[in-house]
**Q** 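One structure is given below, represented as structure tokens, and several questions about it will come after.
Positions are given from 1 along the sequence. Both ligands and their constituent atoms are indexed starting at 1 by order of listing.
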Amino acid sequence: MRISLVLGDITQQQVDAIVNAANSSLLGGGGVDGAIHRKGGPAILEECRKLRASHYGKGLATGQAVATTAGNLPARWVIHTVGPVYSATDDRSELLASCHHQSLRIADELGAQTVAFPAISTGIYGWPMASAAEIALQAVRSASTRVAEVRFVLFDREALSAFESQN
Ligand code: ADP
């Protein structure tokens, strides 16, 4: 598997699937989630609502992932995963690793060959960038998957250099 690190906006990526740092409601939020729903259009939210009603009445659990259409985005699918909120006292690294493993498992189920990830949990959920980069890269490297390219799409230079230092 090829791992690439790019500076950019995940909504613009020409890949089979993009990963959304969603919240457990699946009903949209701020940050990357807001951008994906805004640019992807209402078809994504519509599928999210159906998933909530059919399978995830209590919401999607932290560390799990589920796919929907990508609506108007260049990607074909959005894989929604719920990152853990950072805690300085409780080690939630396994949950952050799980987001990456579960997203790649869903990508395999879909037949997605190229998958773009944002820096999950590093925005509203407060995870320090260097630590998140280390966990994300290690999780992707250790995954057994048929995905051929994982692209981390970092939103600013600080995030990009944190990932570059861990790669
Ligand atoms: P979380 O709730 O998991 O912390 P956020 O969406 O708040 O999720 O932030 C996750 C990361 O995504 C942050 O580093 C933020 O800068 C970044 N981000 C926000 N918008 C975009 C975007 N359009 N493309 C890529 N990354 C983005």
**Q** Measuring only between side-chain heavy atoms, which start at C-beta, is V115 closer than 4.5 Å to D16?
**A** no
**Q** For the pair R92 and E94, find out whether any cationic side-chain nitrogen is under 4.0 Å from an anionic carboxylate oxygen.
**A** no
**Q** Please tabulate, line by line, the atom pairs linking an N/O of ligand 1 to a protein N/O at a distance below 3.5 Å, with the distance in Å to 0.1, or answer 'none'.
**A**
from	atom 1	to	atom 2	distance (Å)
ligand 1	3 (O)	S121	N	2.9
ligand 1	4 (O)	G123	N	2.8
ligand 1	4 (O)	I124	N	3.1
ligand 1	4 (O)	Y125	N	2.9
ligand 1	6 (O)	V32	N	2.8
ligand 1	7 (O)	I124	N	2.8
ligand 1	9 (O)	G123	N	3.4
ligand 1	14 (O)	T122	OG1	2.6
ligand 1	23 (N)	D9	OD1	2.9
ligand 1	24 (N)	I10	N	3.0

**Q** Determine whether V78 and L73 make a side-chain contact, defined as any pair of heavy atoms from C-beta on separated by less than 4.5 Å.
**A** yes
**Q** Say whether S103 and H80, considering side chains only, have a donor N or O and an acceptor N or O under 3.5 Å apart.
**A** no
**Q** Checking side-chain polar atoms at under 3.5 Å, does Q102 have a donor or acceptor matched by the opposite partner on T81?
**A** no
**Q** When the aromatic ring centroids of F152 and F163 are compared, is their separation below 6.0 Å?
**A** yes
